[in-house]
Amino acid sequence: MADGGKPPTPEKKSWADVEEEEEAKAKAAAAAEAASSSSSNEPAVDAQAKQIEALSLSVPEEHGGSGGGGDDQGPPLLDDSDESQIQAVTSGGTVYESAAAFEDLKLTPELLKGLHDEMGFSRPSKIQAVTLPMILTPPYKDLIAQAHNGSGKTTCFVLGMLSRVDPNRKVTQAICICPTRELAQQNKSVLMRMGKFTGITCACAIPPAQKDYVPIAKMPKITDQVVIGTSGTLMKWINHKKILTNDIKILVFDEADHMLAEDGFRSDSERIMRDIQRSAGGCQVLLFSATFNERVKDFVTRVIKDGNQIFVKKEELTLEKVKQYKVQVPDERAKIAVIKDKIFEFGQKVGQVIIFVRTKQSTKDVHNALTLEDYVCSSIQGSLDQSEREKIIQEFKNGYTKVLISTDVLARGFDQAQVNLVINYDMPIKFGTRDEPDYEVYLHRIGRAGRFGRKGAVFNLLCGETDNTVMRKIETYFQHNVPEVRNWQSEEDFERALKDAGLVE
DNA sequence: AAAAAAC
(Lines give C-alpha, C1' and ligand atoms only; values in the text may rest on other atoms or scores of the structure.)
Protein backbone atom coordinates (compact mmCIF):
# COMPACT_ATOMS: atom_id res chain seq x y z
CA MET A 1 0.00 0.00 0.00
CA ALA A 2 1.14 3.53 -0.70
CA ASP A 3 2.44 5.12 2.45
CA GLY A 4 4.24 8.00 0.84
CA GLY A 5 3.17 11.18 2.57
CA LYS A 6 4.46 10.51 6.02
CA PRO A 7 6.97 12.86 7.58
CA PRO A 8 10.38 11.51 8.51
CA THR A 9 10.13 10.56 12.15
CA PRO A 10 13.29 9.25 13.73
CA GLU A 11 11.50 8.18 16.88
CA LYS A 12 8.82 5.58 17.11
CA LYS A 13 5.69 7.03 15.67
CA SER A 14 3.28 8.13 18.36
CA TRP A 15 -0.28 6.98 18.35
CA ALA A 16 -1.49 10.46 17.69
CA ASP A 17 0.53 10.58 14.51
CA VAL A 18 -0.90 7.35 13.31
CA GLU A 19 -4.36 8.56 14.08
CA GLU A 20 -3.90 11.64 11.95
CA GLU A 21 -2.80 9.50 9.10
CA GLU A 22 -5.72 7.28 9.76
CA GLU A 23 -8.16 10.12 9.49
CA ALA A 24 -6.78 11.15 6.15
CA LYS A 25 -7.01 7.64 4.95
CA ALA A 26 -10.42 7.04 6.39
CA LYS A 27 -12.30 8.85 3.70
CA ALA A 28 -10.78 6.78 0.96
CA ALA A 29 -11.22 3.65 2.98
CA ALA A 30 -14.86 4.36 3.62
CA ALA A 31 -15.68 4.22 -0.04
CA ALA A 32 -13.67 1.09 -0.57
CA GLU A 33 -15.17 -0.62 2.43
CA ALA A 34 -18.67 -0.33 1.08
CA ALA A 35 -17.75 -2.81 -1.59
CA SER A 36 -15.28 -4.80 0.45
CA SER A 37 -17.43 -7.66 1.61
CA SER A 38 -15.68 -9.94 -0.82
CA SER A 39 -12.20 -8.57 -0.38
CA SER A 40 -9.64 -11.11 0.61
CA ASN A 41 -6.67 -8.88 1.17
CA GLU A 42 -3.70 -10.33 2.87
CA PRO A 43 -2.60 -8.44 5.95
CA ALA A 44 -0.13 -5.73 5.15
CA VAL A 45 3.10 -7.33 6.16
CA ASP A 46 6.09 -5.30 7.13
CA ALA A 47 8.76 -5.68 4.49
CA GLN A 48 11.28 -6.64 7.14
CA ALA A 49 9.01 -9.12 8.75
CA LYS A 50 9.78 -12.69 8.09
CA GLN A 51 7.14 -15.29 7.88
CA ILE A 52 8.22 -18.21 9.96
CA GLU A 53 5.50 -20.71 9.61
CA ALA A 54 1.89 -21.24 8.86
CA LEU A 55 0.36 -23.04 11.76
CA SER A 56 -2.86 -24.85 11.95
CA LEU A 57 -5.06 -23.68 14.76
CA SER A 58 -8.09 -25.79 15.01
CA VAL A 59 -10.80 -26.28 17.51
CA PRO A 60 -10.21 -29.17 19.85
CA GLU A 61 -12.28 -32.27 20.14
CA GLU A 62 -14.88 -32.12 22.79
CA HIS A 63 -13.66 -33.93 25.82
CA GLY A 64 -15.24 -32.15 28.73
CA GLY A 65 -18.21 -34.46 28.99
CA SER A 66 -21.66 -33.23 29.75
CA GLY A 67 -22.32 -30.31 32.00
CA GLY A 68 -20.53 -30.56 35.28
CA GLY A 69 -20.39 -27.55 37.52
CA GLY A 70 -16.69 -26.96 37.06
CA ASP A 71 -15.36 -24.36 34.70
CA ASP A 72 -11.99 -25.98 34.95
CA GLN A 73 -11.97 -27.68 31.61
CA GLY A 74 -8.69 -29.08 30.52
CA PRO A 75 -6.75 -27.47 27.76
CA PRO A 76 -7.96 -27.68 24.22
CA LEU A 77 -6.58 -30.71 22.52
CA LEU A 78 -5.52 -29.43 19.20
CA ASP A 79 -5.22 -31.69 16.26
CA ASP A 80 -3.12 -30.97 13.27
CA SER A 81 -5.80 -30.72 10.67
CA ASP A 82 -5.76 -27.89 8.19
CA GLU A 83 -9.29 -26.78 8.93
CA SER A 84 -8.13 -23.39 9.99
CA GLN A 85 -4.84 -21.70 9.55
CA ILE A 86 -3.21 -18.94 11.43
CA GLN A 87 -0.32 -17.01 10.12
CA ALA A 88 2.52 -16.09 12.39
CA VAL A 89 4.83 -13.32 11.30
CA THR A 90 7.85 -12.43 13.39
CA SER A 91 9.70 -9.22 13.33
CA GLY A 92 13.44 -8.88 13.56
CA GLY A 93 15.85 -11.70 14.19
CA THR A 94 14.29 -13.43 17.13
CA VAL A 95 13.43 -17.04 16.49
CA TYR A 96 10.70 -18.65 18.51
CA GLU A 97 10.00 -22.26 19.05
CA SER A 98 6.45 -23.30 19.66
CA ALA A 99 6.00 -24.57 23.22
CA ALA A 100 4.89 -28.18 23.38
CA ALA A 101 4.58 -28.00 27.16
CA PHE A 102 4.25 -25.27 29.76
CA GLU A 103 7.49 -26.65 31.17
CA ASP A 104 9.31 -25.35 28.09
CA LEU A 105 8.53 -21.76 29.04
CA LYS A 106 10.84 -21.28 32.04
CA LEU A 107 7.90 -20.41 34.24
CA THR A 108 8.27 -20.34 38.01
CA PRO A 109 7.21 -23.47 39.90
CA GLU A 110 4.38 -21.43 41.43
CA LEU A 111 2.98 -20.58 38.02
CA LEU A 112 3.27 -24.14 36.76
CA LYS A 113 1.44 -25.30 39.85
CA GLY A 114 -1.29 -22.76 39.15
CA LEU A 115 -1.64 -23.95 35.56
CA HIS A 116 -1.74 -27.63 36.39
CA ASP A 117 -3.35 -27.85 39.82
CA GLU A 118 -5.64 -24.85 39.88
CA MET A 119 -6.56 -24.43 36.21
CA GLY A 120 -6.32 -28.10 35.34
CA PHE A 121 -4.36 -27.41 32.16
CA SER A 122 -2.00 -30.13 31.08
CA ARG A 123 -0.51 -28.57 28.01
CA PRO A 124 -0.76 -25.39 25.95
CA SER A 125 -3.41 -24.89 23.31
CA LYS A 126 -2.19 -23.97 19.85
CA ILE A 127 -2.45 -20.23 20.30
CA GLN A 128 -0.75 -20.54 23.67
CA ALA A 129 2.04 -22.70 22.26
CA VAL A 130 2.74 -20.10 19.60
CA THR A 131 2.30 -16.83 21.47
CA LEU A 132 3.74 -17.63 24.90
CA PRO A 133 7.32 -17.92 23.64
CA MET A 134 6.83 -14.64 21.78
CA ILE A 135 5.54 -12.95 24.91
CA LEU A 136 8.06 -14.38 27.34
CA THR A 137 11.30 -14.29 25.36
CA PRO A 138 13.50 -11.20 25.63
CA PRO A 139 13.61 -8.61 24.15
CA TYR A 140 9.89 -8.80 24.91
CA LYS A 141 8.49 -7.73 21.58
CA ASP A 142 5.01 -6.35 21.19
CA LEU A 143 2.43 -8.76 19.85
CA ILE A 144 -0.75 -8.61 17.83
CA ALA A 145 -2.54 -11.93 18.13
CA GLN A 146 -5.77 -13.10 16.60
CA ALA A 147 -7.24 -16.47 17.48
CA HIS A 148 -10.62 -18.14 17.46
CA ASN A 149 -13.24 -17.56 20.10
CA GLY A 150 -12.79 -19.91 23.02
CA SER A 151 -9.31 -21.03 21.99
CA GLY A 152 -7.55 -19.81 25.11
CA LYS A 153 -6.40 -16.26 24.48
CA THR A 154 -6.98 -15.18 28.07
CA THR A 155 -4.42 -17.66 29.32
CA CYS A 156 -1.88 -16.20 26.91
CA PHE A 157 -1.98 -12.69 28.23
CA VAL A 158 -2.72 -13.59 31.87
CA LEU A 159 0.30 -15.85 31.91
CA GLY A 160 2.24 -13.11 30.17
CA MET A 161 1.36 -10.60 32.87
CA LEU A 162 1.97 -13.03 35.73
CA SER A 163 5.39 -14.05 34.50
CA ARG A 164 6.59 -10.55 33.79
CA VAL A 165 5.65 -9.30 37.26
CA ASP A 166 8.23 -9.32 40.04
CA PRO A 167 6.24 -10.64 43.03
CA ASN A 168 8.63 -8.97 45.45
CA ARG A 169 7.96 -5.45 44.27
CA LYS A 170 4.69 -4.03 45.53
CA VAL A 171 4.10 -1.70 42.61
CA THR A 172 1.89 -1.93 39.54
CA GLN A 173 3.79 -3.72 36.78
CA ALA A 174 1.05 -4.91 34.45
CA ILE A 175 -2.15 -3.38 33.14
CA CYS A 176 -4.95 -4.93 31.13
CA ILE A 177 -7.70 -2.88 29.46
CA CYS A 178 -11.07 -4.42 28.64
CA PRO A 179 -14.22 -3.14 26.94
CA THR A 180 -16.66 -4.11 29.69
CA ARG A 181 -16.70 -4.39 33.46
CA GLU A 182 -17.78 -8.01 33.27
CA LEU A 183 -14.77 -8.89 31.17
CA ALA A 184 -12.42 -7.05 33.51
CA GLN A 185 -13.80 -8.99 36.46
CA GLN A 186 -13.66 -12.26 34.60
CA ASN A 187 -10.06 -11.70 33.57
CA LYS A 188 -9.13 -10.78 37.12
CA SER A 189 -10.68 -13.96 38.38
CA VAL A 190 -8.71 -16.03 35.86
CA LEU A 191 -5.53 -14.24 36.86
CA MET A 192 -6.14 -14.79 40.56
CA ARG A 193 -6.67 -18.48 40.01
CA MET A 194 -3.71 -18.94 37.71
CA GLY A 195 -1.51 -16.90 39.99
CA LYS A 196 -2.84 -18.47 43.17
CA PHE A 197 0.56 -19.73 44.33
CA THR A 198 2.57 -16.69 43.28
CA GLY A 199 1.32 -14.19 45.83
CA ILE A 200 0.76 -11.68 43.05
CA THR A 201 -2.15 -9.33 43.74
CA CYS A 202 -4.59 -7.76 41.32
CA ALA A 203 -6.97 -4.81 41.41
CA CYS A 204 -10.04 -4.40 39.25
CA ALA A 205 -10.36 -0.85 37.96
CA ILE A 206 -14.07 -0.50 37.34
CA PRO A 207 -16.56 1.93 38.85
CA PRO A 208 -17.73 0.71 42.26
CA ALA A 209 -21.33 -0.09 43.11
CA GLN A 210 -23.14 2.91 44.52
CA LYS A 211 -22.98 1.58 48.04
CA ASP A 212 -19.21 1.29 47.86
CA TYR A 213 -18.56 4.73 46.44
CA VAL A 214 -15.68 6.72 47.87
CA PRO A 215 -14.41 10.01 46.48
CA ILE A 216 -11.27 9.52 44.45
CA ALA A 217 -9.28 11.76 46.80
CA LYS A 218 -9.94 9.39 49.67
CA MET A 219 -9.08 6.34 47.70
CA PRO A 220 -5.84 4.64 48.76
CA LYS A 221 -3.04 4.23 46.25
CA ILE A 222 -2.97 0.99 44.32
CA THR A 223 -0.14 -1.30 45.36
CA ASP A 224 -1.35 -4.32 43.42
CA GLN A 225 1.08 -5.63 40.85
CA VAL A 226 -1.58 -6.14 38.22
CA VAL A 227 -4.50 -3.85 37.42
CA ILE A 228 -7.29 -4.98 35.10
CA GLY A 229 -10.07 -2.59 34.22
CA THR A 230 -12.16 -0.54 31.88
CA SER A 231 -10.80 2.54 30.18
CA GLY A 232 -12.64 5.31 32.05
CA THR A 233 -11.77 4.12 35.52
CA LEU A 234 -8.21 3.26 34.56
CA MET A 235 -7.72 6.76 33.23
CA LYS A 236 -9.20 8.28 36.32
CA TRP A 237 -6.95 6.27 38.62
CA ILE A 238 -3.89 7.08 36.55
CA ASN A 239 -4.73 10.79 36.40
CA HIS A 240 -5.18 10.93 40.15
CA LYS A 241 -1.92 9.08 40.69
CA LYS A 242 -3.66 6.15 42.32
CA ILE A 243 -1.85 3.98 39.83
CA LEU A 244 1.80 4.81 39.23
CA THR A 245 2.77 3.97 35.70
CA ASN A 246 6.55 4.18 35.73
CA ASP A 247 7.13 0.52 36.60
CA ILE A 248 4.73 -0.97 34.11
CA LYS A 249 6.36 -3.64 31.99
CA ILE A 250 3.41 -5.01 30.10
CA LEU A 251 0.22 -3.48 28.78
CA VAL A 252 -2.55 -5.73 27.45
CA PHE A 253 -5.53 -4.83 25.31
CA ASP A 254 -8.18 -7.51 25.52
CA GLU A 255 -10.64 -7.37 22.61
CA ALA A 256 -8.02 -5.16 21.08
CA ASP A 257 -9.78 -4.51 17.79
CA HIS A 258 -12.64 -2.94 19.66
CA MET A 259 -10.36 -1.10 22.03
CA LEU A 260 -8.59 0.44 19.03
CA ALA A 261 -11.49 0.99 16.66
CA GLU A 262 -12.57 4.51 15.81
CA ASP A 263 -16.10 3.73 16.83
CA GLY A 264 -14.84 1.84 19.85
CA PHE A 265 -12.45 2.96 22.55
CA ARG A 266 -9.59 4.24 20.43
CA SER A 267 -9.16 7.66 22.00
CA ASP A 268 -9.24 6.32 25.56
CA SER A 269 -6.83 3.56 24.66
CA GLU A 270 -4.43 5.98 23.06
CA ARG A 271 -4.44 8.26 26.03
CA ILE A 272 -3.66 5.44 28.46
CA MET A 273 -1.05 4.09 26.11
CA ARG A 274 0.64 7.47 25.83
CA ASP A 275 0.69 8.03 29.59
CA ILE A 276 2.24 4.67 30.22
CA GLN A 277 4.81 4.82 27.46
CA ARG A 278 5.83 8.29 28.53
CA SER A 279 6.65 7.17 32.07
CA ALA A 280 7.55 3.55 31.43
CA GLY A 281 9.61 3.40 28.28
CA GLY A 282 9.90 0.07 26.58
CA CYS A 283 6.65 -1.26 27.95
CA GLN A 284 5.58 -4.38 26.08
CA VAL A 285 2.19 -4.14 24.40
CA LEU A 286 -0.04 -7.12 23.66
CA LEU A 287 -3.16 -6.95 21.50
CA PHE A 288 -5.54 -9.89 21.57
CA SER A 289 -8.84 -10.49 19.81
CA ALA A 290 -10.74 -13.02 17.76
CA THR A 291 -11.49 -10.35 15.17
CA PHE A 292 -9.48 -7.72 13.35
CA ASN A 293 -11.27 -6.31 10.36
CA GLU A 294 -9.14 -4.95 7.55
CA ARG A 295 -9.49 -1.38 8.70
CA VAL A 296 -8.49 -2.03 12.33
CA LYS A 297 -5.79 -4.43 11.24
CA ASP A 298 -4.32 -1.77 9.04
CA PHE A 299 -4.32 0.66 11.94
CA VAL A 300 -2.87 -1.65 14.58
CA THR A 301 -0.13 -2.95 12.32
CA ARG A 302 0.98 0.63 11.81
CA VAL A 303 0.81 1.39 15.52
CA ILE A 304 2.61 -1.80 16.59
CA LYS A 305 5.18 -1.69 13.83
CA ASP A 306 7.96 -3.68 15.37
CA GLY A 307 5.93 -6.47 16.90
CA ASN A 308 5.09 -10.05 16.13
CA GLN A 309 1.81 -10.72 14.39
CA ILE A 310 -0.62 -13.57 14.20
CA PHE A 311 -3.73 -13.38 12.07
CA VAL A 312 -6.53 -15.67 10.98
CA LYS A 313 -8.41 -15.34 7.70
CA LYS A 314 -12.01 -14.39 8.24
CA GLU A 315 -13.18 -17.37 6.22
CA GLU A 316 -11.49 -19.58 8.80
CA LEU A 317 -13.00 -17.90 11.81
CA THR A 318 -16.37 -19.56 12.24
CA LEU A 319 -16.30 -22.42 14.71
CA GLU A 320 -16.96 -25.83 13.18
CA LYS A 321 -18.59 -27.13 16.31
CA VAL A 322 -21.11 -24.33 16.59
CA LYS A 323 -23.94 -24.91 14.15
CA GLN A 324 -25.66 -21.78 12.90
CA TYR A 325 -29.26 -21.68 11.72
CA LYS A 326 -31.62 -19.11 10.33
CA VAL A 327 -35.33 -19.07 11.08
CA GLN A 328 -37.90 -17.01 9.18
CA VAL A 329 -40.56 -15.63 11.47
CA PRO A 330 -43.56 -13.45 10.54
CA ASP A 331 -43.35 -10.97 13.41
CA GLU A 332 -42.00 -10.17 16.87
CA ARG A 333 -44.59 -12.24 18.64
CA ALA A 334 -43.51 -15.24 16.65
CA LYS A 335 -39.96 -14.74 17.91
CA ILE A 336 -41.14 -15.18 21.48
CA ALA A 337 -43.22 -18.19 20.43
CA VAL A 338 -40.25 -19.80 18.71
CA ILE A 339 -38.03 -19.26 21.70
CA LYS A 340 -40.37 -20.68 24.27
CA ASP A 341 -42.27 -23.37 22.32
CA LYS A 342 -39.56 -24.67 20.07
CA ILE A 343 -36.08 -23.85 21.18
CA PHE A 344 -36.57 -24.05 24.95
CA GLU A 345 -38.56 -27.21 24.54
CA PHE A 346 -35.30 -28.96 23.79
CA GLY A 347 -32.57 -26.45 24.24
CA GLN A 348 -33.04 -25.70 27.87
CA LYS A 349 -32.48 -29.28 28.83
CA VAL A 350 -29.10 -29.07 27.22
CA GLY A 351 -27.40 -26.16 28.89
CA GLN A 352 -27.58 -22.42 29.23
CA VAL A 353 -28.85 -19.92 26.69
CA ILE A 354 -27.99 -16.32 25.83
CA ILE A 355 -30.47 -14.25 23.86
CA PHE A 356 -28.96 -11.19 22.21
CA VAL A 357 -31.05 -8.11 21.51
CA ARG A 358 -30.17 -4.74 20.05
CA THR A 359 -31.31 -2.25 22.66
CA LYS A 360 -31.48 -1.98 26.43
CA GLN A 361 -35.23 -1.59 26.20
CA SER A 362 -35.48 -4.83 24.28
CA THR A 363 -33.86 -6.76 27.12
CA LYS A 364 -36.77 -5.66 29.30
CA ASP A 365 -39.41 -6.33 26.65
CA VAL A 366 -38.20 -9.83 25.90
CA HIS A 367 -37.71 -10.50 29.59
CA ASN A 368 -41.30 -9.47 30.30
CA ALA A 369 -42.71 -11.44 27.41
CA LEU A 370 -40.98 -14.62 28.54
CA THR A 371 -41.88 -14.03 32.18
CA LEU A 372 -45.53 -13.70 31.20
CA GLU A 373 -45.23 -17.15 29.75
CA ASP A 374 -43.84 -18.41 33.05
CA TYR A 375 -40.31 -18.76 31.83
CA VAL A 376 -37.66 -17.94 34.38
CA CYS A 377 -34.92 -15.81 32.90
CA SER A 378 -32.78 -12.83 33.69
CA SER A 379 -31.55 -9.91 31.64
CA ILE A 380 -28.58 -7.61 31.68
CA GLN A 381 -27.51 -4.34 30.06
CA GLY A 382 -25.17 -1.51 30.84
CA SER A 383 -27.58 0.80 32.61
CA LEU A 384 -28.22 -1.50 35.51
CA ASP A 385 -26.60 -0.68 38.80
CA GLN A 386 -23.22 -2.32 39.18
CA SER A 387 -24.34 -4.51 42.07
CA GLU A 388 -27.28 -5.70 39.98
CA ARG A 389 -24.99 -6.54 37.05
CA GLU A 390 -22.73 -8.50 39.30
CA LYS A 391 -25.61 -10.40 40.85
CA ILE A 392 -27.05 -11.39 37.47
CA ILE A 393 -23.68 -12.53 36.17
CA GLN A 394 -22.98 -14.45 39.35
CA GLU A 395 -26.33 -16.22 39.23
CA PHE A 396 -25.78 -17.16 35.62
CA LYS A 397 -22.22 -18.35 36.19
CA ASN A 398 -23.43 -20.41 39.13
CA GLY A 399 -26.03 -21.99 36.89
CA TYR A 400 -28.97 -20.72 38.94
CA THR A 401 -30.40 -19.04 35.86
CA LYS A 402 -30.49 -20.85 32.56
CA VAL A 403 -31.59 -18.09 30.20
CA LEU A 404 -29.93 -14.71 29.98
CA ILE A 405 -31.14 -11.88 27.77
CA SER A 406 -28.41 -9.42 26.95
CA THR A 407 -27.34 -6.48 24.87
CA ASP A 408 -23.92 -6.61 23.26
CA VAL A 409 -22.42 -5.91 26.68
CA LEU A 410 -21.83 -9.67 26.81
CA ALA A 411 -21.12 -10.16 23.11
CA ARG A 412 -17.38 -10.27 23.65
CA GLY A 413 -15.28 -12.42 25.89
CA PHE A 414 -17.91 -13.66 28.28
CA ASP A 415 -16.84 -17.18 29.13
CA GLN A 416 -19.38 -19.63 30.42
CA ALA A 417 -18.73 -23.21 29.39
CA GLN A 418 -22.35 -24.31 29.81
CA VAL A 419 -23.67 -21.87 27.22
CA ASN A 420 -24.31 -23.97 24.16
CA LEU A 421 -27.19 -22.04 22.68
CA VAL A 422 -27.14 -18.49 21.38
CA ILE A 423 -30.19 -16.78 19.96
CA ASN A 424 -29.93 -13.65 17.87
CA TYR A 425 -33.30 -12.12 18.62
CA ASP A 426 -32.07 -9.06 16.73
CA MET A 427 -29.31 -9.27 14.20
CA PRO A 428 -26.22 -7.14 14.86
CA ILE A 429 -26.18 -4.09 12.60
CA LYS A 430 -23.49 -1.49 12.09
CA PHE A 431 -24.57 1.72 13.70
CA GLY A 432 -26.02 4.24 11.32
CA THR A 433 -26.89 1.64 8.70
CA ARG A 434 -30.05 -0.23 7.99
CA ASP A 435 -28.82 -3.50 6.60
CA GLU A 436 -25.05 -3.52 7.02
CA PRO A 437 -24.14 -6.33 9.42
CA ASP A 438 -21.68 -5.87 12.21
CA TYR A 439 -19.60 -8.91 11.27
CA GLU A 440 -17.34 -8.74 14.27
CA VAL A 441 -20.19 -8.56 16.76
CA TYR A 442 -21.88 -11.47 15.00
CA LEU A 443 -18.78 -13.59 15.32
CA HIS A 444 -18.27 -12.69 18.96
CA ARG A 445 -21.89 -13.40 19.83
CA ILE A 446 -21.88 -16.86 18.33
CA GLY A 447 -18.56 -17.46 20.03
CA ARG A 448 -20.34 -17.38 23.40
CA ALA A 449 -21.39 -20.93 22.55
CA GLY A 450 -18.83 -23.60 21.91
CA ARG A 451 -16.22 -22.58 24.41
CA PHE A 452 -13.06 -24.65 24.11
CA GLY A 453 -14.36 -26.74 21.30
CA ARG A 454 -17.68 -27.71 22.81
CA LYS A 455 -20.74 -28.19 20.69
CA GLY A 456 -23.21 -25.38 20.25
CA ALA A 457 -26.06 -23.98 18.19
CA VAL A 458 -27.06 -20.50 17.10
CA PHE A 459 -30.52 -19.47 15.94
CA ASN A 460 -30.81 -16.29 13.93
CA LEU A 461 -34.42 -15.09 14.07
CA LEU A 462 -35.12 -13.27 10.83
CA CYS A 463 -38.12 -11.07 10.33
CA GLY A 464 -38.50 -9.27 7.02
CA GLU A 465 -36.32 -8.62 4.01
CA THR A 466 -33.77 -6.48 5.84
CA ASP A 467 -32.90 -9.29 8.22
CA ASN A 468 -32.49 -11.62 5.27
CA THR A 469 -30.17 -9.22 3.56
CA VAL A 470 -28.09 -8.97 6.70
CA MET A 471 -27.93 -12.73 7.07
CA ARG A 472 -26.95 -13.17 3.43
CA LYS A 473 -24.14 -10.67 3.79
CA ILE A 474 -22.86 -12.48 6.86
CA GLU A 475 -22.84 -15.78 4.99
CA THR A 476 -20.93 -14.21 2.14
CA TYR A 477 -18.44 -12.45 4.36
CA PHE A 478 -17.44 -15.56 6.29
CA GLN A 479 -18.03 -17.79 3.26
CA HIS A 480 -20.16 -20.01 5.41
CA ASN A 481 -23.56 -21.31 4.39
CA VAL A 482 -26.11 -21.08 7.18
CA PRO A 483 -28.90 -23.65 6.84
CA GLU A 484 -32.49 -22.72 7.39
CA VAL A 485 -34.98 -24.17 9.83
CA ARG A 486 -37.77 -24.52 7.30
CA ASN A 487 -40.88 -24.03 9.36
CA TRP A 488 -40.84 -21.92 12.49
CA GLN A 489 -43.93 -23.76 13.70
CA SER A 490 -42.47 -27.20 13.31
CA GLU A 491 -41.15 -28.77 16.46
CA GLU A 492 -39.55 -31.50 14.42
CA ASP A 493 -37.54 -29.01 12.40
CA PHE A 494 -36.03 -27.53 15.53
CA GLU A 495 -35.43 -30.90 17.06
CA ARG A 496 -33.57 -31.98 13.95
CA ALA A 497 -31.47 -28.83 14.02
CA LEU A 498 -30.50 -29.42 17.63
CA LYS A 499 -29.74 -33.05 16.86
CA ASP A 500 -27.51 -32.04 14.00
CA ALA A 501 -25.74 -29.70 16.35
CA GLY A 502 -25.22 -32.60 18.69
CA LEU A 503 -27.12 -31.00 21.54
CA VAL A 504 -29.96 -33.50 21.81
CA GLU A 505 -30.00 -37.24 21.40
C1' DA B 1 -31.63 5.03 15.11
C1' DA B 2 -26.63 2.38 19.77
C1' DA B 3 -23.80 -0.77 23.21
C1' DA B 4 -20.01 0.01 25.73
C1' DA B 5 -17.16 3.47 29.44
C1' DA B 6 -17.62 7.68 32.62
C1' DC B 7 -18.30 12.19 33.92
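All heavy atoms count here, side chains included; hydrogens, waters and symmetry mates do not. Letters go in sequence order (proteins before strands), and every chain restarts at 1.
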Notebook entry, point to check: dC7(B) P sits how many Å from Phe265(A) CZ, rounded?
Noted result: 14 Å
Checklist line | Short side-chain N/O contact from Arg389(A) to OP1 or OP2 of dA5(B), under 4.0 Å | finding: yes
Item checked: Contact under 4.0 Å: Thr230(A) side-chain N or O vs dA6(B) OP1/OP2 -> yes
Next item on the list: Please state how far atom CG in Leu410(A) lies from atom P in dA2(B), giving the value in whole angstrom units.
Entry: 20 Å
Margin query: Salt bridge or not between Glu475(A) and Lys326(A)? Use side-chain N to carboxylate O under 4.0 Å.
Written below: yes
Next item on the list: Would you mind reading off the distance between Glu436(A) atom CD and dA2(B) atom C1', rounded to a whole angstrom?
Entry: 16 Å
Margin query: Any base atoms under 4.0 Å from Thr433(A), or only sugar-phosphate, or nothing? Heavy atoms, all strands.
Written below: base
Checklist line | Rounded interatomic separation in angstrom, taking CD from Gln386(A) and P from dA4(B) | finding: 12 Å
Margin query: Taking only side-chain N and O atoms of Lys236(A), does any of them lie within less than 4.0 angstrom of OP1 or OP2 on dA6(B)?
Written below: no
Check: Under 3.5 Å, is there a donor-acceptor pair linking the side chains of Tyr213(A) and Gln386(A)?
Finding: no
Margin query: Measure CE/Met427(A) against P/dA2(B) and give the value in whole Å, please.
Written below: 19 Å
Check: What nucleic acid atoms does Asp263(A) come within less than 4.0 Å of, heavy atoms only: base, sugar-phosphate, or nothing?
Finding: base
Next item on the list: Give the ring-plane orientation class for Phe292(A) versus Phe311(A), where under 30° counts as parallel, over 60° as perpendicular and anything between as tilted.
Entry: perpendicular
Notebook entry, point to check: What is the distance, rounded to the nearest whole Å, between atom CD1 of Ile272(A) and atom P of dA6(B)?
Noted result: 10 Å
Margin query: Under 4.0 Å from OP1 or OP2 of dA5(B): is there any side-chain N or O of Thr233(A) that close?
Written below: no
Checklist line | Distance, rounded to the nearest Å, where Asp268(A) contributes CG and dC7(B) contributes C1' | finding: 12 Å
Item checked: Nearest to side-chain heavy atoms of Arg358(A), which nucleotide of dA6(B), dA5(B), dA2(B) -> dA2(B)
Check: Given dA6(B), is OP1 or OP2 found less than 4.0 Å from the side-chain N or O atoms of Arg181(A)?
Finding: yes
Note to self: Parallel, tilted or perpendicular, judged at 30° and 60°: which one describes the rings of His258(A) and Phe265(A)?
What the structure shows: perpendicular
Note to self: Nearest whole Å is fine: how far is dA3(B) P from Met259(A) CE?
What the structure shows: 18 Å
Note to self: Could you check whether Lys314(A) makes a cation-pi contact with Tyr477(A), meaning its NZ or CZ is under 6.0 Å from the centre of the six-membered ring and within 45° of the ring axis?
What the structure shows: yes
